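Everything below concerns the one structure shown next.
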Protein chains: 2
Amino acid sequence: MKTSATREQIIEAADQLFYQQGFAHTSFSDIAGVIGISRGNFYYHFKSKDEILDAVINERLQNTQDMLDMWEEAASTPAARIRSYIHILLTNRDKIMRYGCPVGTLCGELAKLDHCERTESIRLFDLFRTWLRHQFTQLGHKEDADRLAMHVLAWSQGVATLANAYEDKDFIDQEIQMICTWLEAYTPPAKRPQHSSDALH
Amino acid sequence: MKTSATREQIIEAADQLFYQQGFAHTSFSDIAGVIGISRGNFYYHFKSKDEILDAVINERLQNTQDMLDMWEEAASTPAARIRSYIHILLTNRDKIMRYGCPVGTLCGELAKLDHCERTESIRLFDLFRTWLRHQFTQLGHKEDADRLAMHVLAWSQGVATLANAYEDKDFIDQEIQMICTWLEAYTPPAKRPQHSSDALH
DNA sequence: GTCTATACCTGGATAGAC
DNA sequence: GTCTATCCAGGTATAGAC
């Protein structure tokens, strides 16, 4: 995998713009304008626009996995790790209100475009799904682990979609609180010394 | 408001295609191909593509309001009416798995395009939000009515997003069941003669 | 009202100089 | 590696015949 400076710049800028404007609506001129190169230069680094998308998705997959790994060792309990996931709704609140969730909106767009990279984009969901499932399994919910993981994923996606539509900070805060309360019901009492004092940092 | 035959055809076809392919990715040629008119003919009925979008949104607003009015009189209790809303996840299941929710995906796309019709599209959410809020108020949750309405909206949006990503029928069924169970906790016992027997038709 | 023809622009993509 | 010049397809939009 080449890691030339401008190649990385292209991926970085495309990543941002695909998120903010959508993939289809982002042109080579847009990306070129951000990093200050010419349009023709793209084709030294990539064969097509789709190949840039592929690189962007791989970049996001890598970053996401790194983040999950970090959460895995930073938080001491499965419940706290799940809260790390919920917490990104707060960390990225402003961006979510403007552009929605990066994963959900990309998968949605590629589904409508019937784009071949669609399956790749869903792997982003898979990372979170697998990781969350693992946490719920550790919480002792072997049978329901995947169902619960999907539920948390869906919940956060719904919050992102409506937060984007209404640009409502308070709504996000309320829903985060609800998710954490809901989560307590799935946390074994033995491992629940503090109740909500450790919810969200 | 003019109601010429072809104008209606254009709106109808655009409505479908905007949903299936997205607004930006749908061209005049696409629409023209469906209803068998020439591209030049559009400009007799509309000044621009944006004006078609406006007409499509208004059409959807009208249809949505009609549907809500129908639910209002078809179902006898507020809880049953809220279940009417949840039920569209089942009725439109196949389309949702392919294209997502028509409201959520349109609002999401227009947000990224920074399109002037964005505020109009959010009125679609408003219709559901106001209607759901009304139902929760009738259920006796005056203070929390709007919060609960937003919660149901977000929940259904999240289900649609993940159902679209994973094309998973069972997931939709499971979540619908969860929403109905959740809803029972907000239904006054006095008005709850049957438990889940009347859940979803 | 609907068509054809066409203007005009922007998009992705290629060729070749440097 | 990066640039300029260019091609070509497709998009929206206009003009004018019918």
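All values reported here derive from a predicted model rather than from experimental measurement. No hydrogens, no waters, no symmetry mates; every other heavy atom, side chains included, goes into these values. So that the names make sense, note that chain A is the first sequence line, chain B the second, and so on, each numbered from 1.
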**Report entry** Interatomic distance where CZ belongs to B:Phe42 and P belongs to C:dT6 [whole Å]
**Finding:** 21 Å
Query raised in the report: A:Leu53 has an atom CG; how far is it from atom P of C:dG12, in whole Å?
Result: 13 Å
Query raised in the report: Which value, rounded to the nearest 0.5 Å, describes the distance between A:Phe136 atom CZ and A:Trp131 atom CH2?
Result: 9.5 Å
Query raised in the report: Taking OH from B:Tyr43 and P from C:dA7, how many angstroms apart are they, rounded to a whole number?
Result: 16 Å
Query raised in the report: Between B:His151 and A:Trp155, is the ring centre distance below 6.0 Å?
Result: yes
Report task. Would you mind reading off the distance between A:Lys49 atom NZ and C:dG11 atom P, rounded to a whole angstrom? Result -> 9 Å
Report task. Calculate the interatomic distance between B:His25 atom NE2 and C:dG12 atom P; express it in whole Å. Result -> 12 Å
**Report entry** Under 3.5 Å side-chain donor-acceptor pair for B:Asn164 and B:Thr161
**Finding:** no
Report summary line: So the contacted stretch of DNA chain D, first to last nucleotide with an atom under 4.0 Å from a non-hydrogen atom of chain A, runs from D:dG1 to D:dT6
Requested in this report: Assess whether salt bridge (charged side-chain N to carboxylate O under 4.0 Å, His left out) is satisfied between B:Asp144 and B:Arg147, documenting all intermediate values.
Outcome: CA-CA 5 Å; B:Asp144 294 335; B:Arg147 206 200 83 230; 3.4 Å; yes
Query raised in the report: Just checking A:Phe28: base, sugar-phosphate only, or nothing, at a heavy-atom cut-off of under 4.0 Å?
Result: sugar-phosphate
Query raised in the report: How about B:Tyr43 and B:Phe28: are their ring centres within less than 6.0 Å of each other?
Result: yes
Query raised in the report: Within 45° of the six-membered ring axis of B:Tyr166 and under 6.0 Å from that ring's centre, is NZ or CZ of A:Arg129 located there?
Result: yes
**Report entry** Spacing between A:Ile52 atom CD1 and C:dG11 atom C1', to the nearest angstrom
**Finding:** 13 Å
Query raised in the report: If you pin A:Gly40 and A:Ser29 to their nearest nucleotides in DNA chain C, which one's is more 5'?
Result: A:Ser29
Report summary line: The answer to which of B:Gly36 and A:Ala24 contacts DNA chain C further toward the 5' end, by nearest nucleotide, is B:Gly36
Query raised in the report: So what does B:Ser27 hit on the nucleic acid, given a heavy-atom distance under 4.0 Å: a base, only sugar-phosphate, or nothing?
Result: sugar-phosphate
